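Keep in mind it's a predicted model, so treat the numbers as computed, not measured. Protein chains get the first letters and strands the later ones, always in sequence-line order, with residue 1 at the start of each.
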Amino acid sequence: MTSSSPLYAQVALDVPLFTALSYRVPEHLRDHIAPGQLVQVPFRNRSKTGLIVALSTELDDPTLAPKIRDLYDLVDPEPLLSPHDVRFLSFVADYYLSPIGEVVRLAIPSAVRVEGIKHYRRLPEDQRTPAPNAPQTPLSLELAGALASLSDTEPTPVAALRESHAELTYHRLAELELRGLVEVTYQESASLKPKTERYFKLLPRPRGTLTGRLGANQLQILKLLDGMPSLSLPEIREHIASPYSSLKALEERGLIESWEEEVYRDPFADAPVEPAPSFELTLPQQRAVDAVARARQAGRFEGFVLHGVTGSGKTETYVRIIRDTLAAGRRALVLLPEIALTPQFVGVFRSHFGERIAVLHSGLTAAQKFDQWRQIRRDEVDIVIGARSALFAPINDLGVIVVDEEHDPSFKQEEGTRYNARDMALVRGKLARAQVILGSATPILESFYNARQGRLTYLAMPERVAARALPPVDIVDMRRGPHNPTAGPSSLLSTRLLGALDDTLHDQKQAILFLNRRGFSPCVVCEACGHVFHCPHCDVSLTYHRRMEALRCHHCDFSLRMPESCPECLHTGIDRKGVGTEQLEAHLRELYPRARVARLDRDTGAGPRLQQLLTSFRRREIDILVGTQMVTKGHDFPDVTLVGVVLADMSLNFPDFRAAERTFQLLTQVAGRAGRADSPGKVIIQTYTPEHYSLLTAREHDFESFAERELAQRQAMGYPPFGHLIALKFEGANEGATVQATRNYATAARRLLRTERAFGDAVSMLGPAMAPIARIKNRSRWQLLLKAADRALLRRFTIRTLELAGHFDAGQPHHRNVRIIIDVDPLNML
DNA sequence: AGCACGCCGACT
DNA sequence: GTCGGCGTGCTC
């Protein structure tokens, strides 16, 4: 055999390096290696597990040749991820200018990653069978020493063996395998292991066997097992308190047999399973289903914007599309914005599709996540439902991706790799030739615009099911003065909203009041000297929380007992300005002492309390629900007939070019909670800017007019969807160093703009500028915003800028303590 | 991220 | 004389 040209593997490691590292593939592994496999590689002076992202016969940088080392071994003969998945991960890393290892970590739960560490166990002399190509020479002294240090009962991790025998490489140790001296196993070294259960079944009983002298327990077990394929130990224990000795006795007599089997830890344990309602599709629903079917039958990728008003039956449409997809032998992925919504959603899906569903979201325990992931990878489920991270689930034969409530900002990850699951769903769909459905009552302008440009297919569902009307929306001008007779005695709630509340309570219906600010008062001021209480760690004012009698920061965990007097002038009169949900709740309790008022926000709806509150509201144990954004999300409460928006201006005044769009979305979504069943609903919006087009178009349920108006503004400013943005964000404890780092990058960018025409003409830079919240958790925040109409050009420009600023160099002396965040397609400009 | 290397203060 | 501080540089 002549030695062929070397083969290199690009391996992604869990280290913050932008690129994968290259390793030579040893000759004996050449035919067994593929992208998507986990491998053990030498890294510095230790061994690490990494994922092969590519194989090549040449190095992209030949000067690296002398540094290249051989990889040690495969961790598992089976690839962990499909080539499809690997390509997708590489794309994501590339697109978001993010280290590949960090992206791989998104896709593989940490518990799975350590799966299959190679172990050796010394075989007893009589069990040794050398391979035909084993060396005939005597075993070297070092290897004999290593062999001697192994146990013949307990497997030892090979990495541990290498530590005690530093002179031996993995490669040399492999000789022990070749000579048949050791047994090779791949074992989890982590705490998480697949859970197993002991199963029992009846053995066919030889005719005429005496069954005499069986205890009562033993007889009962035989009776239980009779007619059952098998039963697990817990199932047996449901009937017999302590069956252990009896089971053992029965097995010894050869009457039953037992074995260990992997079982999955079930995260659905508390998911309500609702009976599958049979339904007929409305015409628009049917059209949507048919449009998707055409793409599926043609076997091509297609992206759809499913624009369905609140209550138009989007979920039923998804169900039907997924059913067709499964019938065609492919699988489905459903992405939801909030884990809070999953139990209900999963319940609906289980009633339609049974057990072959997995869920993935950050609320699962590590063990549950581990099990769900393994089920998905083994093709044991057909539908995966989850929050944004489920985008990376290792689903084979993916046929359809549904992104429900695609406008929701929680699809954007705001740390690490700042991916947007909604955008990347389109990419994954394209790679898999799947159909991608982006569903919302308020599609983002990018979707609307792309549909108009023909890149996405627009599917409209403009009417609510069962001919229910969209609720009428009333805008109340809260500005005081003789021109405004509707302003009532309460500065918080207008007479019109109070009147509507009276009616709702009188009719024994429910109301939702939305106020996008938690706490009692968002700002606390000394009435004598004007001192405003600020967070000592963040550049924001403190919020007064009455229940805790404390001032709290909403950006860090700082909190302070509500002081008696001003720390500046010792004056005892301290004013609480502005209104949050806590105060609104208290106010309503005073106004309606007999109504049941509850509040839903991050303070009251943390963890399991959220489900409790929602359930309790659905059961009509609450009359008025006060809440933040959390009440706007797709919940379905049939008896809500009134929705009040206490102050619509809050999101309008946000320092962000998406403020108008956010406001429109918020108002439309919250208004959609009203009148979802047989009783008609009503919406009242209070505002100080009643003439704003976000409010006026929301009042008319007129998405198109809003979109036209907003698109015109975006075009004028070159903002998305007409231009693309990449934000460079700088955070550091030292303000001077942070500014300096920002300046260095700005200088690099400016130089490129000056020297290269292609960039200078097409790219613009805003900043260096202080971030709208200039300091959070004692870290100063600065930013640069890069903008261009051509996405590819903007990407190239950013990479060149980063290179020029030394961003990819290891270690940058000037910016040691400044964190530099690259935010591609930023959503949150704060 | 880790982790080794390196050049300056208080200890056997 | 050395132990160890954490600044800085690098990982195929």
Side-chain angles (χ1 to χ4, degrees), chain A residues 5-27 29-30 33-75 86 89-90 93-94 96-111 113-114 117 157 159-160 162-163 166 169-171 189-190 413 415-418 730-734 736-738 740-741 744 779 802-803 805-822:
Chain A
S5 62
L7 182 66
Y8 298 102
Q10 271 69 253
V11 180
L13 294 169
D14 196 7
V15 288
L17 291 167
F18 280 89
T19 54
L21 298 183
S22 302
Y23 290 89
R24 214 172 299 112
V25 178
E27 206 56 36
L29 292 178
R30 267 187 97 105
I33 204 157
Q37 266 177 328
L38 284 185
V39 284
Q40 199 87 46
V41 297
F43 185 73
R44 296 256 179 145
N45 56 349
R46 30 199 320 266
S47 146
K48 259 182 166 305
T49 305
L51 185 88
I52 298 186
V53 288
L55 293 169
S56 64
T57 49
E58 253 154 72
L59 289 172
D60 27 318
D61 180 2
T63 63
L64 280 178
K67 289 165 99 177
I68 307 278
R69 303 162 77 177
D70 276 18
L71 60 83
Y72 286 147
D73 210 340
L74 306 181
V75 160
V86 174
L89 296 182
S90 304
D94 233 44
Y96 288 105
L97 304 170
S98 187
I100 179 70
E102 197 176 282
V103 177
V104 167
R105 191 168 42 187
L106 291 171
I108 305 174
S110 51
R113 215 172 326 130
V114 293
I117 302 291
R162 260 182 49 75
E163 262 163 45
T169 61
Y170 275 71
H171 205 77
S189 71
Q413 172 132 60
E415 57 182 52
T417 301
R418 301 192 161 216
F730 302 80
E731 294 180 6
N734 181 325
T738 311
Q740 193 51 52
N744 287 350
R779 300 173 71 89
L802 295 172
E803 279 170 356
H807 185 79
F808 301 113
D809 301 355
Q812 304 152 61
H814 314 291
H815 318 134
R816 270 285 104 186
N817 299 306
V818 181
R819 185 193 303 168
I820 300 151
I821 297 156
I822 305 163

Between CZ of A:R69 and P of C:dC12 the distance, given in whole Å, is 5 Å

Can you measure A:Q10 atom CD to C:dC12 atom C1' for me and round it to whole angstrom units?
9 Å

First locate atom CG of A:D94, then atom CG of A:L89, and finally report the distance between them rounded to the nearest 0.5 Å.
12.0 Å

One should read off an interatomic distance between A:I821 CD1 and A:E415 CD, to the nearest 0.5 angstrom, of 10.0 Å

Could you give the CG-to-C1' distance, from A:L7 to C:dC12, as a whole number of Å?
15 Å

Holding to ring-ring contact (aromatic ring centres under 6.0 Å, His included), I want the full list of residues that pass it with A:F730, two or more places apart in sequence or in another chain.
A:Y745

Taken in chain and number order and not counting sequence neighbours, the residues that satisfy salt bridge (charged side-chain N to carboxylate O under 4.0 Å, His left out) with A:R418 are A:E414, A:D823

Rounded interatomic separation in angstrom, taking CG from A:N734 and P from C:dG7
14 Å

Rounded to whole Å, please give me the gap between CG in A:L51 and P in C:dC12.
18 Å

A:Q40 side, atom CD; A:L74 side, atom CG - distance, nearest 0.5 Å:
10.5 Å

Whole-Å distance, A:L13 CG to C:dC12 P, equals 9 Å

Using side-chain contact (heavy atoms from CB on, under 4.5 Å) as the criterion, point out the one residue from A:V39, A:I100, A:L38 that pairs with A:L51.
A:L38

Checking all strands, does A:F43 fall into the base, sugar-phosphate, or nothing category for heavy-atom contacts under 4.0 angstrom?
base

Whole angstrom value for the distance that separates P of C:dT11 from CG of A:L64
9 Å

Contact span of DNA chain B against chain A, any nucleotide atom under 4.0 Å from a heavy atom, 5' to 3', runs B:dA1 to B:dA4

